[in-house]
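The next block holds one structure in the form of structure tokens; read it before the comments.
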Amino acid sequence: MCGILGIARPDGTPVSLTDAQVVAMRDAMAHRGPDDAGLERLGNVVLAHRRLSVIDPSPAGHQPMRFDDRSGKMQGWLVYNGEIYNDAELRKELSRDGVAFKTSCDTETLGRACEKWGPAAAAARLRGMFAFAWLDPSAHTLTLARDPIGIKPLSYTIAGSASARELIFASEIGAILAHPGVAARPDPVAVSAYLTTIRTTLGSRTLYEGVHVLRPGEILEFDLRDASLSMSRAAIPSSAWHGDTDTDPEATHRIVRESIRVHLRADVPTCALLSGGLDSSIVVSVARDHTDHLRTYCSGAPSLERDGGSEDFAFARLVAASLCVHHTEAPVSRELFRSRWTEMVAAMRLPLGTPNEVAINHVARSLQGDRYVVALSGEGADEFFGGYDTPLSMALFHVEQGDLDPGAFQLYSAAWVPLQAKPGLLNATWWRQSGQDEELLTTYRAEFASVRDEAASQADARNAPVDPLECHLRFQQRVNLVGLLQRLDSATMLASVEGRTPFADVAVRAHAWSLPISRKFTETRGAPGSTPETRTKIALREAFGAALPREVVERRKASFPLPFQAWVADQADAIRRSSFVREVFTDAAIQTVAADPSALWSLAWPMANLAIWGDGLG
């Protein structure tokens, strides 16, 4: 797990930044790689790297990594962030083709795959989480790629004038903003979208004007011979991994267990996050069988147990005792939440998405203090196996009403700040600059259409009909899961911890896609007016129910382990004082929210985040 950075200009145009300037950009991500740092000047390209040593922690894994053929001729350079879980299989295949390896580091595996098959074909064969850049000097190309589920981040911008363009990319936006030629200007379209979705990206947009993200599974190739640095886009095909079509619980049990096992591969101490929910409990139950003296960690607000709220601590204790693992709690107080919130926004140069990021960061600091470097987590199970009962019930009702404009339904039904409320909340100038959320609505509609086309293509291959509710579940995978994975990555990496997600895995995803929706979610309705009975994550509960306490198997989904609705009131003064908030919102909106943030928490949370973030832009 690492932080990668690059600057590229057209051929014949050397990068003008000094080594000290590049080092300042690179070291803005020092938390991503406290173990090693590298920098290479390659004429019109500079590559830099910060390393968190997880696989082969010896100096042999140093990056940027150069690749030569047998005659010693240089073939390419690689900077890479992530882990490859089918590393052994790829090495065997490459070895049969005559490739010789010098290290046991998966960076070398990826580089040799790029050299042998090309970066796009190599990316399609990877099982893992990754973001990488491959420089091919002979072809005068630079290729960027991101894993298909979107576990690892990669941002980029093109700065400079038309006659002196410069590509800058990095694992974190803060490193890009450290470039002297990049201005930290807010993007009104993305800011307005954040208010509604509490996500810091909209498609490829970020909250910073001109700074973009690679979308999950996206591959960008830049032509370094072209003065304009022209770019071509491609996508890693979702058909690269095929699911086991067996719907028996044993198939789910086998595939999930195997994914957890391969996600344990590490040359450093590994632990697991345990909330006491079904997903993390499954991860711990399997990891315990493959790890001596497994440690587990949980975070939250313990006072909630007395108040009848989140019971993560109690359920986590139950699971830990049942599975005989050594368990540690990392409680979050109101004071810690307040201070850590502002610290994280300043460090990441982005507002928080959900308050859970504070809890994740706190537990990551706790386990890192115990010298653990890798932590397994349960993200992905809800999105792939149907864990969100209320959103899915709402989607089912929408389908039964005709499923008209499903993309808009997904946007409106999950909005923190409704679109229709914004004309009265935002200043007229800002609302006009945001395009009145037209791009937000267009993006959601396009995402849903893409998801439906993908599901239809796969259904045709199996000669099966497309279930409309399955499309809504896949939309959650495409949009909601990416935000959760970004949350996990940023919160853990700030503590120099690698978060791994065995459920957010291409093989597990392929299996989940092969299951009918009835193996994930069902709703049974009784008499008119009665509350429907829902069943979620059916395949997972049946596959792993015998290994876990009944209370955990039957536990319903819990969203927030922190009472942020009350704690957001601590930022009332920040909302009132913020010059950025005054630029975005009307005075009436500011005064109303600041007077009672807890009652208006769905607006106060994003508004307070924008206050902290926006006032730090300068």
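Only this structure's heavy atoms are used, side chains among them; waters, hydrogens and symmetry mates stay out.
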**Fill in**
So CD1 of Ile151 and CD of Glu83: to nearest 0.5 Å the spacing works out to 11.0 Å
**Prompt:** Considering residues at least two apart in sequence or located in another chain, which fulfil the salt bridge (Lys or Arg N to Asp or Glu O under 4.0 Å) criterion with Asp35?
**Reply:** none
**Request:** Test side-chain contact (heavy atoms from CB on, under 4.5 Å) on Tyr372 and Arg295 and set out the steps.
**Result:** CA-CA 9 Å; Tyr372 285 91; Arg295 290 282 297 270; 2.9 Å; yes
**Item:** Polar contact flag, side-chain donor to acceptor under 3.5 angstrom, Arg91-Thr109
**Value:** yes
**Any donor-acceptor N/O pair, Arg555 side chain to Gly276 backbone, under 3.5 Å** = yes
**Electrostatic pair Asp382-Lys557, nearest N-O below 4.0 angstrom** = yes
**Prompt:** Just checking, any donor-acceptor pair under 3.5 angstrom between side chains of Arg125 and Asn86?
**Reply:** no
**Prompt:** Any luck finding a side-chain donor-acceptor pair between Gln410 and Arg478 under 3.5 Å?
**Reply:** no
**Asked** Is any side-chain N of the basic residue among Asp87 and Arg127 closer than 4.0 Å to the acidic one's carboxylate O?
**Response** no
**Prompt:** Aromatic ring centroids of Phe475 and Tyr444 under 6.0 Å?
**Reply:** yes
**Message:** Set out, in order, the CA-CA distance, both residues' side-chain angles and the distance that settles ring pair (Phe, Tyr, Trp, His ring centres under 6.0 Å) for Phe384 and His511, then state yes or no.
**Reply:** CA-CA 9 Å; Phe384 289 129; His511 171 66; over 10 Å; no
**Message:** I'd like to know if the side chain of Asn609 and the backbone of Trp605 have a donor-acceptor N/O pair within less than 3.5 Å.
**Reply:** yes
**Prompt:** Can a donor-acceptor pair be found between the side chains of Arg519 and Thr252 at a distance below 3.5 Å?
**Reply:** no
**Request:** Go through the side-chain N and O atoms of Arg487 and Thr354 and say whether any donor and acceptor fall under 3.5 Å apart.
**Result:** yes
**Message:** Looking at Ala491, is its backbone amide N or carbonyl O close enough to the side chain of Asn361 to form a donor-acceptor pair, meaning the two atoms are under 3.5 Å apart?
**Reply:** yes
**Item:** Distance-only side-chain donor-acceptor flag, Glu172 / His31, under 3.5 Å
**Value:** yes
**Asked** For Tyr297 and Glu329, does a side-chain donor sit closer than 3.5 Å to a side-chain acceptor?
**Response** no
**Message:** If you take the centroid of each ring, where Trp contributes its six-membered ring, are Trp601 and Trp567 closer together than 6.0 Å?
**Reply:** no
**Prompt:** After noting the C-alpha distance and the side-chain angles of Lys520 and Ile538, does the key distance pass the side-chain contact (heavy atoms from CB on, under 4.5 Å) rule?
**Reply:** CA-CA 5 Å; Lys520 306 167 195 174; Ile538 298 168; 5.9 Å; no
**Prompt:** Are Arg535 and Glu542 close enough for a salt bridge, meaning some N to O gap below 4.0 Å?
**Reply:** yes
**Asked** Under 4.5 Å between any side-chain heavy atoms of Ser496 and Arg32, yes or no?
**Response** no
**Message:** Using modelled atom types and a 3.5 Å cut-off, is there a donor and acceptor pairing between side-chain atoms of His362 and backbone atoms of Val358?
**Reply:** no
**Asked** Taking all atoms of both residues into account, what is the closest heavy-atom pair of Cys471 and Val466, and its distance?
**Response** SG-CG1, 3.6 Å
